[in-house]
Amino acid sequence: MKKEYRTIREVVGPLMLVEGVEGVKYNELVEIKQANGEVRQGKVLEINRDKALVQLFEASRGLKISTSKASFLGRAIELSVSPDMLGRIFDGMGKPKDGGAEIIAEKRVDINGQPINPAARDYPDEFIQTGVSAIDGLNTLVRGQKLPVFSASGLPHADLAAQIARQAKVLGGESNFAVVFAAMGITYEEADFFIRDFRKTGAIDRAVLFMNLASDPAVERIATPRMALTAAEYLAFDKGMHVLVIMTDITNYAEALREVSAARKEVPGRRGYPGYMYTDLASLYERAGRIRGKEGSITQIPILTMPEDDKTHPIPDLTGYITEGQIILSRDLYKRGYNPPIDVLPSLSRLKDKGIGDKKTREDHADTMNQLFAAYASGKQAKELSAILGEAALSETDRKYAKFAEEFEKRYINQSFTVNRSIEETLNLGWELLSLLPRNELKRIKDKFIDKYLGAVEE
């Protein structure tokens with residue numbers, strides 16, 4: 001039931017104070033009607049006795065408080081959900097942006113969602129093939145996992161996001177796979193790139209896109225990922241789909257949090273970000289997972305740009321605490337023309353061991369993964385030594401490791417943003433590279449796998 005008030009007292013930036021209110025709840029949706037019939041929306045941020053602080057979703061410019069009425073709708077922001085969402089593009093508040101008709105709702109869902117009961121969670125253990133060797137082979141993504149990409153200004157994280165959205169699939173469950181894509185604070189050019197890429201490749205047919213542009217209000221940016229996750233929860237847990245949620249850029253989301261926090265005159269935490277940013281990010285990331293007894297799942301790839309390439313900045317730092325690993329992009333590899341420029345050594349997928357092996361990927365996956373990591377690390381050390389002391393100072397084995405590191409970057413990491421490798425191709429490529437090393441150096445692989453797979457490569 002609507003409650004209308006003509007007691008709007010003050011508007012400062014995106015915030016509005018309404019006095020004399022009764023029975024109003026935190027996060028409740030508010031409509032502000034002006035005398036000329038124009039309607040703006042907001043939500044309740046804070047309640048103090050009979051005063052409600054409302055956050056507007058649009059700019060407050062031109063709002064005449066003397067003749068406006070505030071209506072409290074008795075419900076939080078909701079998203080209309082239906083299977084017809086697939087193939088559609090929405091703005092950051094869930095309104096169609098592709099010129100198509102409004103969604104006929106199967107139901108309306110509160111975008112703030114409910115946390116998954118830890119006791120009801122099922123353990124992530126199914127492999128998701130992204131088609132990117134540096135992820136599939138070495139930092140494997142598992143269904144129900146949250147695996148962020150740590151990028152930096154100027155690096156091609158948008159191309160990697162589009163590639164994963166286009167190529168990702170659960171082996172054996174392709175027909176029931178969907179992608180929910182949430183873009184926050186991106187430019188018009190970036191939005192156009194994603195939309196054109198999804199349409200050109202046909203990926204749009206199994207995707208739902210939520211687009212919040214840099215020119216849109218900051219408060220809309222805070223709602224966008226929640227809109228996307230609400231759509232993902234519906235598709236996963238009501239419709240039994242395997243849903244991959246890609247969110248870019250979490251840094252823009254955190255900046256919007258800081259902007260709203262500053263407008264509310266809250267005491268700032270690290271680097272001016274609100275003290276509750278950890279809790280707020282967790283409320284997004286923890287909506288990923290699998291529920292026991294339900295077929296569907298939500299897997300998350302949040303993408304964030306590290307300010308000043310700093311891994312210790314609060315946004316990547318807090319994200320790393322909540323998520324199960326990280327994929328880190330390298331400026332050095334990018335400068336050398338390698339794409340996607342994934343720095344595999346500091347990257348980590350904490351659940352990779354659960355999603356690989358016999359009947360999931362292949363029996364030799366775990367051993368070859370460990371050997372490739374170790375060999376690449378040794379090769380990089382040998383190259384650094386060569387740069388200081390000269391190649392003549394290296395032993396024959398060191399030279400082979402240095403050669404391996406070069407070929408590994410050139411052929412395994414570098415694959416371009418258009419190549420989609422199956423897990424079989426990735427594993428076979430790993431064996432081709434390991435054949436550059438003496439057999440007695442392959443100490444992390446069982447002899448039976450060396451006989452079976454290395455022999456096939458050498459023949």
For the backbone of [Y] and the side chain of [X], can you confirm whether one donor and one acceptor N or O come within less than 3.5 Å of each other?
X	Y	result
Gln34	Gly62	yes
Glu409	Leu333	no
Arg350	Thr323	yes
His365	Gly137	yes
Arg226	Ile222	yes
Asp310	Pro307	no
Gln326	Thr319	no
Arg292	Arg121	yes

Legend entry - Distance-only donor-acceptor check, side chains Thr251 and Asp249, under 3.5 Å: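 A pair is found: one side chain offers a donor N or O, the other an acceptor, under 3.5 Å apart.
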Legend entry - Ring-face cation contact, Tyr253 with Arg221, 6.0 Å cut, 45° max: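 Arg221 over Tyr253 ring: no.
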Inset, instruction - Please find out if less than 6.0 Å separates the ring center of Tyr273 from that of His313. - result: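 Yes: the rings meet the under 6.0 Å criterion.
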Inset, instruction - Mind telling me whether Phe181 and Phe194 have parallel, tilted or perpendicular rings, with 30° and 60° as the class edges? - result: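 Phe194 and Phe181: tilted rings.
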Inset, instruction - With the side chain counted from C-beta on, respond yes when Glu78 and Leu73 share a heavy-atom pair under 4.5 Å apart, and no when they do not. - result: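 Not in contact.
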